[in-house]
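Start at 1 with the first residue, then count along the sequence. Below, each value reflects all heavy atoms present in this structure, side chains not excepted, and no hydrogens, waters or symmetry copies. Keep in mind it's a predicted model, so treat the numbers as computed, not measured.
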Amino acid sequence: MSSRGPGTRATHQALPPAMRDAVDGFAVHLAQVRNRSAHTVRAYVADLVSLLDHAVRMGCTAPADLDLGVLRSWLAKQRTTGAASSSSARRAAAARTFSGWAHRSGLLATDVAAPLATPKTRRELPVVLRADQVAALVEAPGRNRPTTPGHDGPPAGPHDAFSTGAPSAPTTGGASPQVDPADEAVLSRDRALLELLYATGARISEVCGLDTTDVDRERLVIRVLGKGNRERTVPYGLPAQRAVDSWLAAGRPALAGPDSGRALFLGARGGRLHPTTARRIVAGYARAAGLPPTSPHGLRHSAATHLLDGGADLRAVQELLGHSSLASTQIYTHVSVERLRTAYRQAHPRA
């Protein structure tokens with residue numbers, strides 16, 4: 001399957017036929033029945049291939065040979081290699097999901113993973129930018145103007161500087177350099193991308209998956225297709241509106257090509273902007289602005305925390321972020337309390 005890396009693919013091919021068929025059937029189940037994201041399918045498939053490879057080394061030749069001892073042995077081996085507790089928890093979840101599916105499919109006589117305990121994980125609080133840091137980030141595309149044409153991947157100009165961690169040297173004296181229209185378009189796209197990520201708190205995959213028809217410029221909302229194909233409507237503000245309007249009016253037409261379709265955000269060659277490239281764009285501008293390491297998910301964390309700091313209702317933030325469980329949203333209340341505690345310790349004379 002294309003979702004597997006080279007190592008996983010080779011290990012999969014070396015499994016006994018019954019094991020290979022089980023992996024393929026499980027992948028189809030995750031993608032088409034459970035509607036899991038490509039990232040989740042890839043992770044679970046890699047975990048299952050690792051588990052079945054371990055089982056083969058213990059003498060198993062088919063899924064029916066699996067038992068709780070094999071599963072626990074596999075998880076114990078993962079821990080001895082230094083796997084993080086979060087990775088161990090995901091692997092246990094993958095094993096339980098596979099075991100339940102294999103039992104229902106008749107590949108296992110019983111759900112052997114049902115008694116499998118989930119390793120406890122310590123949930124780290126997300127890193128959150130201050131409001132002034134976010135402002136510096138979203139305004140960064142206007143500070144460095146590229147002087148060479150953009151291309152796929154991090155475009156030329158400021159993005160070249162990002163690869164070295166240093167901003168481009170400013171032009172001093174003489175006539176202003178000619179700015180390629182494609183580079184102007186890339187700057188316009190980057191500004192709109194950063195503004196929309198922070199304004200909506202949407203996931204990077206959701207923003208990169210937007211079509212132009214998903215943007216309601218009259219009501220200032222976007223229609224987002226989230227995890228599990230759940231659709232939600234998310235508002236955005238005037239700064240994002242101005243950036244998106246500018247991108248649609250002048251930037252996008254300069255990059256659009258035969259492969260653009262209705263994609264809202266385009267790569268420098270005209271295709272839909274890939275999330276990996278978008279992550280590189282965000283990280284690059286953060287470095288250029290002298291900010292802590294920042295990802296699109298960091299902007300999502302920042303948007304949620306700033307909303308709660310401003311008095312937004314927790315349920316409203318949950319709906320905006322597209323969390324299926326309120327427990328996922330409640331971590332941002334801990335972030336807000338911790339920020340308040342830090343400010344108190346720094347400012348109160350008897351803290």
Which heavy atom of L321 sits nearest to which heavy atom of G201, and what is that distance?
CD2-O, 3.6 Å
Nearest-0.5 Å distance, OG of residue S87 to CG of residue L75
11.5 Å
Is it true that a side-chain atom of T8 and a backbone atom of A46 form a donor plus acceptor pair closer than 3.5 Å?
no
Say you draw a straight line from CG of L299 to CG of L196; how long is it, rounded to the nearest 0.5 Å?
11.0 Å
Using the side chain to side chain contact (heavy atoms under 4.5 Å, CB included) rule, take W74 and M58 through it: C-alpha gap first, then chi angles, then the decisive distance, then the call.
CA-CA 10 Å; W74 172 64; M58 294 184 67; over 6 Å; no
side-chain hydrogen bond (donor to acceptor under 3.5 Å, both in side chains) pairs, two or more places apart, involving residues 241-259
R217-D245
Determine whether a donor-acceptor pair (N or O, by modelled atom type, separation under 3.5 Å) exists between the side chain of D67 and the backbone of V70.
yes
Answer yes or no: is there a donor N or O on one side and an acceptor on the other, between the side chain of T80 and the main chain of K77, under 3.5 Å?
yes
Hey, are the side chains of R191 and E139 touching, using non-hydrogen atoms and a 4.5 Å cut-off?
yes
Is a side-chain donor or acceptor of R232 paired with a backbone partner of L320 at a separation under 3.5 angstrom?
yes
For L238 and L220, which heavy atoms make the closest approach, and how far apart are they?
CD2-CD1, 4.0 Å
Rounded to the nearest 0.5 Å, what separates atom CZ in R269 from atom CG in L255?
12.5 Å
Would you say V224 and V221 are hydrophobically clustered, going by side-chain heavy atoms of ILVMFWY under 4.5 Å?
no
Can any side-chain N or O of S99 pair as donor or acceptor with the backbone N or O of A95 at less than 3.5 Å?
no
Mind listing the closest non-hydrogen atom pair of R272 and L210 along with its distance?
NH1-O, 2.9 Å
Side chain to side chain, T277 and F265, heavy atoms closer than 4.5 Å
no
Looking at E184, is its backbone amide N or carbonyl O close enough to the side chain of S188 to form a donor-acceptor pair, meaning the two atoms are under 3.5 Å apart?
no
Starting from the C-alpha separation in whole Å, work towards a yes-or-no answer on salt bridge (Lys or Arg N to Asp or Glu O under 4.0 Å) for D24 and R20.
CA-CA 6 Å; D24 295 339; R20 288 202 305 269; over 6 Å; no
Give me the one residue out of T97, L48, N35 that meets side chain to side chain contact (heavy atoms under 4.5 Å, CB included) with L30.
T97
Could you point out which residue of I281, L194, L266 forms a side chain to side chain contact (heavy atoms under 4.5 Å, CB included) with R189?
I281
Is there side-chain contact between R300 and L197, with heavy atoms separated by less than 4.5 Å?
no
Does any part of the side chain of L107, heavy atoms only, come nearer than 4.5 Å to the side chain of W101, both counted from C-beta?
yes
Is there a path of hydrophobic side-chain contacts, each under 4.5 Å between heavy atoms of I/L/V/M/F/W/Y residues, joining L193 to L291?
yes
CD1/I222 to CG/D211 distance, rounded to the nearest 0.5 angstrom?
12.0 Å
Closest non-hydrogen atoms of S260 and G257, given as atom of the first, atom of the second and distance, are OG-N, 2.7 Å
Atom CD1 of I204 and atom NE2 of H297: how far apart are they, to the nearest 0.5 Å?
11.0 Å
Quick one: closest heavy-atom pair of M19 and V56, and the distance?
CE-CG2, 4.1 Å
With a 4.5 Å heavy-atom cut-off, do T212 and L248 have their side chains touching?
yes
Applying the 4.5 Å side-chain criterion to the ILVMFWY set and letting contacts propagate, would L15 and V45 be lumped into a single cluster?
yes
Mind listing the closest non-hydrogen atom pair of L137 and V282 along with its distance?
CD1-O, 4.1 Å
side-chain hydrogen bond (donor to acceptor under 3.5 Å, both in side chains), that's the test. Do H274 and T276 meet it? Break it down for me.
CA-CA 5 Å; H274 194 276; T276 299; 3.3 Å; yes
Should the ring pair F26 and Y44 be called parallel, tilted or perpendicular, given that the plane angle runs from 0 to 90° and is split at 30 and 60?
parallel
Just how far is it from atom CG of L108 to atom CG of L66, taken to the nearest 0.5 Å?
6.0 Å
Given the rule in the side-chain hydrogen bond (donor to acceptor under 3.5 Å, both in side chains) test, do D65 and T61 qualify, once you have shown the distances and angles that lead to the verdict?
CA-CA 7 Å; D65 298 329; T61 59; 3.2 Å; yes
Would a distance-only check, ignoring hydrogens and angles, find a side-chain to backbone donor-acceptor pair under 3.5 Å from H306 to V128?
no
Derivation and outcome, side chain to side chain contact (heavy atoms under 4.5 Å, CB included), residues S50 and Q78
CA-CA 10 Å; S50 173; Q78 302 301 314; 3.6 Å; yes
Is any side-chain heavy atom of P275 closer than 4.5 Å to a side-chain heavy atom of R203?
no
Counting C-beta onward and ignoring hydrogens, is there a side-chain heavy-atom pair between V23 and L52 closer than 4.5 Å?
yes
Does a side-chain heavy-atom distance below 4.5 Å link R279 with P296?
yes
